[in-house]
Participant: 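Structure incoming, see below.
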Amino acid sequence: LTNYLGEILAPRSGLWTPEQYRESLAQTAALLDNEYGRRWRPLEDTAVAAQLLYASGNDYGNYRRSVDYYPEGSLLWLETDVLIRQLSKGAKSLNDFCHAFHGGAGGAPAMKTYTFEDIVAGLNAVQPYDWAGFWNARLHSTSPHAPLGGVEGSGWKLAYDGVRSDLWKDHEDAWKAVDLSYSLGLIVGMEDGTVGDVIFDGPAQKAGIAPSVKLIAVNGRQFNPTVLREAVEDTAKGKPVELLVKSGEYYETHRIEYSGGERYPHLVRDESKPDLLSQVIAPLAKK
């Protein structure tokens, strides 16, 4: 919940534009919706195993999962917010739950513990629903796809195209990496071509490429980010991608079977539904 509130407070306060928030939400949704590890590790276990996941490396993170209760918490509490708004016909929202559950008299700081049952009771006090069933299903699920009910219920859809958003470019610049997670299925260091990670069961992994190898050449040309992006873009025209990589003392050429061009996540408007997402991130009226 703190993760969700931190993210929606950014557009509510004007630190982010609505578009920046949606692009960030799209990145979160895509990351979790394409995570192979969902098939064996339920969300609850990413909290149980947090002490292990925090210290783990980036390699094969898609198979292992990370501390996903943070980003997935954003999706789940968005879904909760949307459900409350829908069921109450706009009379209530998650704001009401936060006021009631976290509010109270002021004074000296005090430790106030709570249980799963307390949260369910608090939600039911705001809007009756099977909240216990809702949370248990999502905490214990091994569905291959992320819970996108909040995104879709709020009038938006996760989609992919060949355009990098400004937020995506900032993300790559900060990490100094070319992130091709949703096309070739790998992340490559901009400066030296080191493969930071490969997406498990993705095109690059199926072609035999592993994390930590160094990308030397793309289709016979010396690697640089532009050459790599152009090669991925050309796959939509039926052109192949062959990567020359160096692993220790050995050089290997890997032909990647992929024809989808560049793919980056975005949210697109679903005009068949009300735009509740814009209501969620709108500045709150002063009382």
Participant: Less than 4.0 Å between a side-chain N and a carboxylate O, is that true for Arg164 and Glu262?
Facilitator: no

Participant: Applying the side chain to side chain donor-acceptor pair (under 3.5 Å) test to Glu35, which of Arg65, Arg64, His145 qualifies?
Facilitator: Arg65

Participant: Contact between Leu186 and Asp197 at the side-chain level, heavy atoms closer than 4.5 Å - yes or no?
Facilitator: no

Participant: Could you tell me which non-hydrogen atom of Pro42 sits nearest to which non-hydrogen atom of Trp40, and how far apart they are?
Facilitator: CD-O, 3.5 Å

Participant: Rounded to the nearest 0.5 Å, what separates atom OG in Ser141 from atom CG in Asn136?
Facilitator: 12.0 Å

Participant: For the side chain of Asn124 and the backbone of Val120, is there at least one donor-acceptor N/O pair under 3.5 Å apart?
Facilitator: yes

Participant: Does one side chain, of Glu242 or His254, offer a donor that lies under 3.5 Å from an acceptor on the other?
Facilitator: no

Participant: Might you work through the side chain to side chain contact (heavy atoms under 4.5 Å, CB included) test for Leu53 and Thr46, ending with a clear yes or no?
Facilitator: CA-CA 7 Å; Leu53 295 173; Thr46 69; 4.1 Å; yes

Participant: Of all residues at least two apart in sequence or in a different chain, which pass the ring-ring contact (aromatic ring centres under 6.0 Å, His included) check with Tyr160?
Facilitator: Tyr182

Participant: Counting only N and O atoms by type, is there a donor-acceptor contact under 3.5 Å from the side chain of Asn219 to the main-chain atoms of Pro240?
Facilitator: yes

Participant: In terms of side-chain geometry, is the basic nitrogen of Asp81 or Arg85 positioned less than 4.0 Å from the acidic oxygen of its partner?
Facilitator: yes

Participant: Thinking salt bridges, do Glu230 and Lys239 make one under a 4.0 Å N-O criterion?
Facilitator: no

Participant: Return yes if some donor-acceptor pair links the side-chain N/O of Tyr258 with the main-chain N/O of Gly261 below 3.5 Å, else return no.
Facilitator: yes

Participant: Strictly distance-based, threshold 3.5 Å: is any side-chain N or O of Ser278 a donor or acceptor partner for the main-chain N or O of Asp275?
Facilitator: no

Participant: Working note: Asp68 + Ser66, criterion side-chain hydrogen bond (donor to acceptor under 3.5 Å, both in side chains); need CA distance, chi angles, decisive distance, verdict.
Facilitator: CA-CA 5 Å; Asp68 289 353; Ser66 184; 4.9 Å; no

Participant: Do the ring planes of Phe101 and Tyr114 sit parallel (below 30°), tilted (30 to 60°) or perpendicular (above 60°)?
Facilitator: perpendicular

Participant: What is the distance from atom CG of Leu158 to atom CG of Leu148, rounded to the nearest 0.5 Å?
Facilitator: 6.0 Å

Participant: Taking the side chain as every heavy atom from C-beta outward, state whether Thr142 and Arg39 have any atom pair closer than 4.5 Å.
Facilitator: no

Participant: Taking the six-membered ring for Trp, are Trp131 and Phe134 parallel (under 30°), tilted (30 to 60°) or perpendicular (over 60°)?
Facilitator: perpendicular

Participant: Within a strict 4.5 Å, meaning less than it, do heavy atoms of the Glu252 and Lys246 side chains meet?
Facilitator: no

Participant: Kindly determine whether Trp175 and Trp168 satisfy ring pair (Phe, Tyr, Trp, His ring centres under 6.0 Å), including the steps that lead there.
Facilitator: CA-CA 11 Å; Trp175 288 97; Trp168 190 273; over 10 Å; no

Participant: Could you grab the distance from atom OG1 of Thr226 to atom CE of Met190, nearest 0.5 Å is fine?
Facilitator: 9.5 Å

Participant: Which atom names give the shortest non-hydrogen contact between Gly185 and Ala204, and what distance separates them?
Facilitator: O-CB, 3.9 Å

Participant: Restricting to non-hydrogen atoms, name the atom on Ala177 and the atom on Ile187 that form the minimum distance, rounded to 0.1 Å.
Facilitator: CB-CG2, 3.8 Å

Participant: Treating His266 as the side-chain partner and Val163 as the backbone partner, does any N or O pair qualify as donor plus acceptor under 3.5 Å?
Facilitator: yes

Participant: Aromatic rings His102 and Phe97: how do their planes relate, parallel, tilted or perpendicular, breaks at 30° and 60°?
Facilitator: perpendicular

Participant: Give the cluster check for Trp135 versus Leu5: same hydrophobic cluster or not, with ILVMFWY residues linked at side-chain heavy-atom distances below 4.5 Å.
Facilitator: yes

Participant: Quick check on the hydrophobic clustering: are Leu167 and Leu25 connected, directly or via other members, by side-chain heavy-atom contacts under 4.5 Å?
Facilitator: no

Participant: Within the distance-only criterion (no hydrogens, no angle test), does the side chain of Asn34 pair as donor or acceptor with the backbone N or O of Leu31 below 3.5 angstrom?
Facilitator: no

Participant: Could you check if a side-chain atom of Arg269 sits within less than 4.5 angstrom of a side-chain atom of Lys157, using non-hydrogen atoms only?
Facilitator: no

Participant: Can any side-chain N or O of Asp234 pair as donor or acceptor with the backbone N or O of Ala231 at less than 3.5 Å?
Facilitator: no

Participant: Nearest 0.5 Å please: distance from the OG atom of Ser93 over to the CG atom of Leu284.
Facilitator: 8.0 Å

Participant: Under a 4.5 Å cut-off applied to non-hydrogen side-chain atoms, are Tyr4 and Leu78 in contact?
Facilitator: yes

Participant: Assigning hydrophobic clusters by single linkage (Ile, Leu, Val, Met, Phe, Trp, Tyr; side-chain heavy-atom cutoff under 4.5 Å), is Val188 placed with Ile199?
Facilitator: no

Participant: Measuring only between side-chain heavy atoms, which start at C-beta, is Leu139 closer than 4.5 Å to Tyr69?
Facilitator: no

Participant: Can you tell me if Glu72 and Tyr70 form a side-chain donor-acceptor pair at under 3.5 Å?
Facilitator: no

Participant: What's the separation between atom CG in Asn62 and atom CZ in Arg38, rounded to the nearest 0.5 Å?
Facilitator: 10.5 Å

Participant: Is Pro147 close to Leu76 at the side-chain level, that is, under 4.5 Å between some pair of heavy atoms?
Facilitator: yes

Participant: Check whether Tyr251 and Leu228 end up in the same hydrophobic cluster, where Ile, Leu, Val, Met, Phe, Trp and Tyr are linked by side-chain heavy atoms less than 4.5 Å apart.
Facilitator: no

Participant: Does atom NZ of Lys214 have more than 12 heavy-atom neighbours from other groups under 6.0 Å away?
Facilitator: no

Participant: Does the side chain to side chain contact (heavy atoms under 4.5 Å, CB included) test come out yes or no for Val198 and Tyr60, once each step is laid out?
Facilitator: CA-CA 6 Å; Val198 297; Tyr60 295 119; 3.6 Å; yes

Participant: Do Asn3 and Trp77 get their side chains close enough for a donor-acceptor pair, meaning under 3.5 Å?
Facilitator: no

Participant: What heavy-atom pair brings Leu276 and Gly153 nearest, and what distance separates the two atoms?
Facilitator: CD1-O, 4.0 Å

Participant: Using every non-hydrogen atom in the two residues, find where Pro203 and Ile256 come nearest and quote the distance to one decimal.
Facilitator: CB-CG2, 3.6 Å

Participant: To the nearest 0.5 Å, what is the distance between OG (Ser154) and CG (Leu277)?
Facilitator: 4.0 Å

Participant: Run the side chain to side chain contact (heavy atoms under 4.5 Å, CB included) test on Leu94 and Leu1 for me, step by step, so that the C-alpha distance in whole Å, both residues' side-chain angles and the decisive distance to 0.1 Å come before the verdict.
Facilitator: CA-CA 10 Å; Leu94 192 65; Leu1 177 56; 3.9 Å; yes

Participant: Which atom pair, heavy atoms only, marks the closest approach of Ala146 to Ala29?
Facilitator: CB-O, 4.3 Å

Participant: Between Asp45 and Arg41, is the closest basic N to carboxylate O distance under 4.0 Å?
Facilitator: yes

Participant: So which pairs with a foot in residues 12-34 pass salt bridge (charged side-chain N to carboxylate O under 4.0 Å, His left out), sequence neighbours left out?
Facilitator: none

Participant: Quick one, Arg255 with Val241, criterion side chain to side chain contact (heavy atoms under 4.5 Å, CB included). Give me CA distance, side-chain angles, the key distance, then yes/no.
Facilitator: CA-CA 6 Å; Arg255 183 185 178 99; Val241 175; over 6 Å; no

Participant: Check whether Leu87 and Val126 end up in the same hydrophobic cluster, where Ile, Leu, Val, Met, Phe, Trp and Tyr are linked by side-chain heavy atoms less than 4.5 Å apart.
Facilitator: yes

Participant: Which residue is it: Thr194, Ile216, Val213? I am looking for the one with a side-chain contact (heavy atoms from CB on, under 4.5 Å) to Val245.
Facilitator: Val213

Participant: Does Arg229 reach the side chain of Val232, with side-chain heavy atoms less than 4.5 Å apart?
Facilitator: no

